[in-house]
2 protein chains.
Amino acid sequence: MGTADIPDIVVSRLPIYLRALTRMSQEGVKTTSSHELGRRLGISSAQIRKDLSHFGEFGKQGTGYQIEYLTGQLRRILKVDREWEVALVGAGDLGRAVAHYNGFRDRGFRITLVFDSNPAKVGTKLGEFEIYDVARLDDLIRTQGIAVAMVAVPAEAAQAVTDQLVAAGVRGILNYAPINLAVPHRVWVQHIDPVVHLQRMTYYL
Amino acid sequence: MGTADIPDIVVSRLPIYLRALTRMSQEGVKTTSSHELGRRLGISSAQIRKDLSHFGEFGKQGTGYQIEYLTGQLRRILKVDREWEVALVGAGDLGRAVAHYNGFRDRGFRITLVFDSNPAKVGTKLGEFEIYDVARLDDLIRTQGIAVAMVAVPAEAAQAVTDQLVAAGVRGILNYAPINLAVPHRVWVQHIDPVVHLQRMTYYL
DNA sequence: TAGATTGTTAATCGATTAACAATC
DNA sequence: TAGATTGTTAATCGATTAACAATC
């Protein structure tokens, strides 16, 4: 029980559990156990039970977990039982791919604003989205009360964009630029850098 | 000292160090210390020194680390002091963005093969790359001795593609599909799933 | 009922940090 | 030299795992 003081490493595993459970649900499975889930994920069953126990009791002895119920609880805990509006800064190749990706919507996130600094792109459409000038970033994000943003600009521009986002009130930033962003304590940053993952693998090859 | 038995969590931080040091080098800085690097990364200086000490002695008391020397050593340790040829499976929006991304080349990776299953795409060009039919995956990857691949296909196809890659001898897979891949022990998989990172942030918002 | 599986406790294991002698 | 910083040891801290009573 309790919502405060949960180790971040526990929180970081919940979306993985949610993803696997959603998949199992799509496969038509109704019930699972910590053993089965652990086997799928390469995680011990004890760890899964321990992680979940921080938030409540979601299973039944003898039978395990109702997948639909558990996914509902995980969505609530992770606050993705609602839809978060997300701003995307950068409409280059990567920004385009991100904007076209359908996988955000059904997992709690919807892109509602796209920005770019290139005057040739401003005013054009990126799929269903109009591309706005970054000069309007503060105004639009503030007005629409957007809390989450994705940064898909070149490394050189990433820190400046981040500063603008933070000033506009954004509290969570997903950064695709290969650079460590400096942000105030109240803001959360997560990095997506495929090369970091590749380099981590080549060490073992 | 020693190359075996290094905790994976230590290995996973080396690419982060390398990225930060490369950045500092670009900024014209020649020398740094565990304190300065730690401040940039939000990591304690003790941890950086401890991590590096698994692999050797790279600094000097009183003055710290020569950035050029340390980056060279990290590249060697991570085996990115060479260029790895990488196969890309999936030439959709995401695959296109990945193929166009310039950030792989100077960090140790070069895409040399692109595959797709869509007959309308096979034979066309994706930037400088010809798109091959996945039916030729085994032959081409085996012939060219490629060890690393990126999977950028829909979730439904990801496991089948992975099985083919593994059969063809690939030993490291960077997976962009939102699904947990099953692979033999000798194969390394890393996941890129932006939604997992977003969900990890919304927990705190 | 018998078998299975949970949630939780205590033990183990491993990672991080503080401190400092060595030394540039 | 005096100040700074390393590499390393020992202490602390935290995470994982094994085990089991409870119970479906």
Side-chain angles (χ1 to χ4, degrees), chain A residues 1-17 20-21 24 29-74 77 200 203-204, chain B residues 1-18 20-21 24 29-74 77 200 203:
Chain A
M1 256 280 294
T3 53
D5 227 42
I6 311 285
D8 182 58
I9 194 152
V10 171
V11 174
S12 75
R13 279 190 293 260
L14 300 186
I16 311 286
Y17 299 162
L21 289 164
M24 290 169 86
V29 186
K30 299 290 182 199
T31 294
T32 189
S33 66
S34 59
H35 270 91
E36 187 184 19
L37 188 55
R39 197 163 23 74
R40 282 209 177 213
L41 296 175
I43 290 179
S44 79
S45 61
Q47 177 154 92
I48 291 171
R49 293 197 303 277
K50 189 95 209 286
D51 284 352
L52 295 177
S53 76
H54 284 99
F55 304 95
E57 307 188 359
F58 306 115
K60 277 203 173 56
Q61 286 101 326
T63 55
Y65 303 91
Q66 290 295 116
I67 290 178
E68 195 176 326
Y69 176 72
L70 184 53
T71 54
Q73 292 298 306
L74 286 174
I77 293 165
R200 184 177 170 184
Y203 172 83
Y204 296 101
Chain B
M1 256 277 298
T3 53
D5 228 40
I6 311 285
D8 181 58
I9 195 153
V10 172
V11 174
S12 75
R13 278 190 294 260
L14 299 186
I16 312 286
Y17 298 163
L18 178 55
L21 290 163
M24 291 169 86
V29 186
K30 300 289 182 200
T31 293
T32 190
S33 66
S34 59
H35 270 91
E36 187 183 20
L37 187 56
R39 197 163 22 75
R40 282 208 177 215
L41 296 176
I43 291 179
S44 79
S45 62
Q47 177 154 88
I48 290 172
R49 294 198 302 277
K50 188 95 210 284
D51 284 351
L52 295 177
S53 76
H54 284 99
F55 304 95
E57 307 189 0
F58 306 115
K60 278 204 172 56
Q61 286 100 325
T63 55
Y65 303 92
Q66 290 295 117
I67 290 179
E68 196 177 324
Y69 176 72
L70 184 53
T71 55
Q73 291 297 306
L74 286 173
I77 293 164
R200 184 177 170 185
Y203 171 82

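Naming: A, B, ... by sequence-line order, numbering from 1 per chain. Heavy-atom basis, side chains included; hydrogens, waters and symmetry copies ignored.
- Aromatic ring pairs are classed by plane angle as parallel below 30°, tilted from 30° to 60° and perpendicular above 60°; the pair A/Phe55 and B/Tyr203 is perpendicular.
- Rounded to whole Å, atom P of C/dG7 lies 10 Å from atom NZ of A/Lys60.
- Set against C/dT8, D/dT6, C/dT6, the side chain of B/Tyr65 has D/dT6 as its closest nucleotide.
- Applying the salt bridge (charged side-chain N to carboxylate O under 4.0 Å, His left out) criterion to A/Arg40, with sequence neighbours excluded, gives A/Glu27.
- Listed by chain and residue number, nothing satisfies the salt bridge (charged side-chain N to carboxylate O under 4.0 Å, His left out) test with B/Arg49 (two or more places apart in sequence, or in another chain).
- Contact of the B/Arg39 side chain with the B/Glu36 side chain is registered, since non-hydrogen atoms from C-beta on lie closer than 4.5 Å.
- With sequence neighbours left out, B/Ser12 forms a side-chain contact (heavy atoms from CB on, under 4.5 Å) with A/Arg200, B/Ile9.
- For the pair A/Lys50 and A/Thr63, both in contact range of DNA chain D, the more 5′-proximal nearest nucleotide belongs to A/Lys50.
- Between the CG atom of A/Asp8 and the P atom of D/dA15 there is a distance of 10 Å, rounded to whole Å.
- Minimum atom distance to the side chain of B/Glu57 is reached by D/dT8, of the listed D/dT8, D/dT5, D/dC24.
- In terms of the side-chain hydrogen bond (donor to acceptor under 3.5 Å, both in side chains) criterion, B/Glu68 has no residue partners (sequence neighbours excluded).
- For the segment residues 37-49 of chain B, residues with any heavy atom less than 4.0 angstrom from an atom of DNA chain C are, sorted by number, B/Ser44, B/Ala46, B/Gln47, B/Arg49.
- Helix bend of the helix from C/dG3-D/dC24 to C/dC24-D/dG3: the angle between its two end axes, each built from five pairs, comes to 20° after rounding to 10°.
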Between A/His54 and A/Val11, does the side chain to side chain contact (heavy atoms under 4.5 Å, CB included) criterion hold? Intermediate values first, please. CA-CA 10 Å; A/His54 284 99; A/Val11 174; over 6 Å; no

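- Rounded to whole angstrom, the span from the CG atom of B/Leu70 across to the P atom of D/dG7 amounts to 9 Å.
- The side chain of A/Gln61 lies closest to D/dC24, out of D/dT9, D/dT16, D/dC24.
- At whole-Å resolution of the value, NE2 in A/His35 and P in D/dT17 are 12 Å apart.
- Look at CG on A/Leu52: it is 9 Å from P on C/dT6, rounded to the nearest Å.
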